[in-house]
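By convention in this document, chain letters (A, B, ...) are assigned in the order of the sequence lines, proteins followed by strands, and residues within each chain are numbered from 1.
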Amino acid sequence: MLARNFYQRTTELVARDLLGKLLVRNHANGDVVLRLTEVEAYLGIDDPACHTYGGRRTPRTETMWDEAGYAYVYLVYGLHSCLNVVTVGPGRPEAVLIRGGVVEAGSDLVRARRGPRVGERSLTDGPGKLCQGLAISRSDDGVDLCPLDSALRICDDGLEVRENQVQRLPRVGVDYAGEAASWPLRLAYIPSELITAR
DNA sequence: TCTAGGATCGGCT
DNA sequence: GCCGATCCTAGAT
């Protein structure tokens, strides 16, 4: 279980340390556990790709301006939800977008939500897919991730992610942000069995 | 009010 | 690899 102070650090550090952690979703229909494998950092008012760039403060982004350790969920393209974790603290509207993970428990439930024809690999390998599979929607915006009984929380089961298992890549889908689109703020966790070169 | 555009996905070529 | 779906959000009028 990650405590508040885990999130009250620089966004890049939080993003790095979220890799390999477990996202736990409790729901009336059952629980789902997801191992986080891909995240993306959004650095607040100085980041042209971020929703709060230039100090923008709107009803949608209100959660980002508040305390760290809360879920910021928004809708993109009018149809997909995206889950973010708010970082740093009040007045510093930064966050980490959860882009992908691997289902560790509850795959039947995820499959039921994602559809029978969806392959194992594509169950939760994108921000919108992940939210659909875990039944995360706009109504989860502002949910506190820190309480032990939270319906949405992030746990540490002790898995260590070494530096050579972390891939740093440009962010996706933010070409409008100019040079900031190429900042290497997308972090991917490469499980050791997939690392061939060294 | 009105309008433009989007932190994506899945189907099709 | 390309393209359309789809509707909320933010900024302009």
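- Checked against ring pair (Phe, Tyr, Trp, His ring centres under 6.0 Å), A:Tyr74 has the following partners two or more places apart in sequence or in another chain: A:His51, A:Tyr72.
- For DNA chain C, the stems formed by at least three consecutive Watson-Crick or G-U pairs, with both atom-pair distances below 3.5 Å, span B:1-6 with C:7-12, B:8-12 with C:1-5.
- When the P atom of C:dC7 is taken as reference, atom OH of A:Tyr74 falls 18 Å away, rounded to whole Å.
- Screening residues 179-188 of chain A for side-chain hydrogen bond (donor to acceptor under 3.5 Å, both in side chains), with sequence neighbours left out, gives A:Glu38-A:Arg186.
- A straight line from CG of A:Asp141 to C1' of C:dC8 spans 14 Å, rounded to a whole angstrom.
- The list of salt bridge (charged side-chain N to carboxylate O under 4.0 Å, His left out) pairs with a residue in residues 42-56 of chain A, not counting sequence neighbours, reads A:Asp47-A:Arg171.
- Put simply, CE on A:Met64 is 10 Å from C1' on B:dA7, counting in whole angstrom units.
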What donor-acceptor contacts under 3.5 angstrom involve side-chain atoms of residues 112-120 of chain A, with partners at least two apart or in another chain?
from	atom 1	to	atom 2	distance (Å)
A:Arg113	NH1	A:Gly133	O	2.8
A:Arg114	NE	A:Leu123	O	2.8
A:Arg114	NH1	A:Gln132	OE1	2.7
A:Arg114	NH2	A:Ser122	O	3.0
A:Glu120	OE1	A:Arg111	NH2	2.6

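- Among the heavy atoms of the strands lying under 4.0 Å from A:Arg117 are primed sugar atoms or P, OP1, OP2 only; no base atom is included.
- Counting only distance, with no hydrogens or angles, the side chain of A:Arg138 and the backbone of A:Val73 share a donor-acceptor pair below 3.5 Å.
- With A:Ser150 contributing its side chain and A:Leu145 its backbone, the two residues share no donor-acceptor pair below 3.5 Å.
- If you check every strand for non-hydrogen atoms under 4.0 Å, A:Arg171 touches nothing.
- Among the protein residues, A:Arg186 comes within range of no part of the nucleic acid, since none of its heavy atoms lies under 4.0 Å from any strand.
- Exactly one residue among A:Leu130, A:Val102, A:Val110 makes a side chain to side chain contact (heavy atoms under 4.5 Å, CB included) with A:Leu34. That residue is A:Leu130.
- Stacking between A:Tyr176 and B:dG6 is absent: the aromatic ring centre is not both under 5.5 angstrom from the base six-membered ring centre and within 30 degrees in plane angle.
- Residues of residues 122-134 of chain A that place a heavy atom closer than 4.0 Å to DNA chain B, in numerical order, are A:Gly126, A:Pro127, A:Gly128, A:Lys129.
- When atom types are taken as modelled, the side chain of A:Asp66 and the backbone of A:Thr63 share no donor-acceptor pair closer than 3.5 angstrom.
- In the hydrophobic clustering of this structure, A:Tyr42 does not group with A:Val166; members are Ile, Leu, Val, Met, Phe, Trp, Tyr whose side-chain heavy atoms approach within less than 4.5 Å, directly or through other members.
- With sequence neighbours excluded, the residues that form a side chain to side chain contact (heavy atoms under 4.5 Å, CB included) with A:Leu75 are A:Ser81.
- The side-chain hydrogen bond (donor to acceptor under 3.5 Å, both in side chains) analysis of residues 11-21 of chain A, with sequence neighbours excluded, yields the pairs A:Arg9-A:Asp17, A:Thr11-A:Thr87, A:Thr11-A:Glu94, A:Arg16-A:Glu163.
- Atom CD1 in A:Ile136 sits roughly 16 Å away from atom P in B:dT8 (whole-Å rounding).
- At a threshold of 4.5 Å between side-chain heavy atoms, the hydrophobic network of Ile, Leu, Val, Met, Phe, Trp and Tyr places A:Leu97 and A:Val174 in one connected group.
- Contacts of A:Glu104 classified as side chain to side chain contact (heavy atoms under 4.5 Å, CB included), with partners at least two apart in sequence or in another chain: A:Leu22, A:Val33, A:Arg35.
- With sequence neighbours excluded, the residues forming a side chain to side chain contact (heavy atoms under 4.5 Å, CB included) with A:Arg4 are A:Gln8, A:Glu67, A:Tyr70, A:Asp144, A:Cys146, listed by chain and number.
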Please write out each protein N/O paired with an N/O of nucleotides 9-13 of chain C under 3.5 Å, distance rounded to 0.1 Å.
from	atom 1	to	atom 2	distance (Å)
C:dT9	OP1	A:Arg138	NE	3.2
C:dT9	O3'	A:Arg60	NE	3.2
C:dA10	OP1	A:Thr58	OG1	2.2
C:dA10	OP1	A:Arg60	NE	3.2

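- A:Glu38 places its CD atom 16 Å from the P atom of B:dA7, with the value rounded to the nearest Å.
- Listed by residue number, A:Tyr77, A:Gly78, A:His80, A:Asn84 are the residues of residues 77-92 of chain A with a heavy-atom contact under 4.0 Å to DNA chain B.
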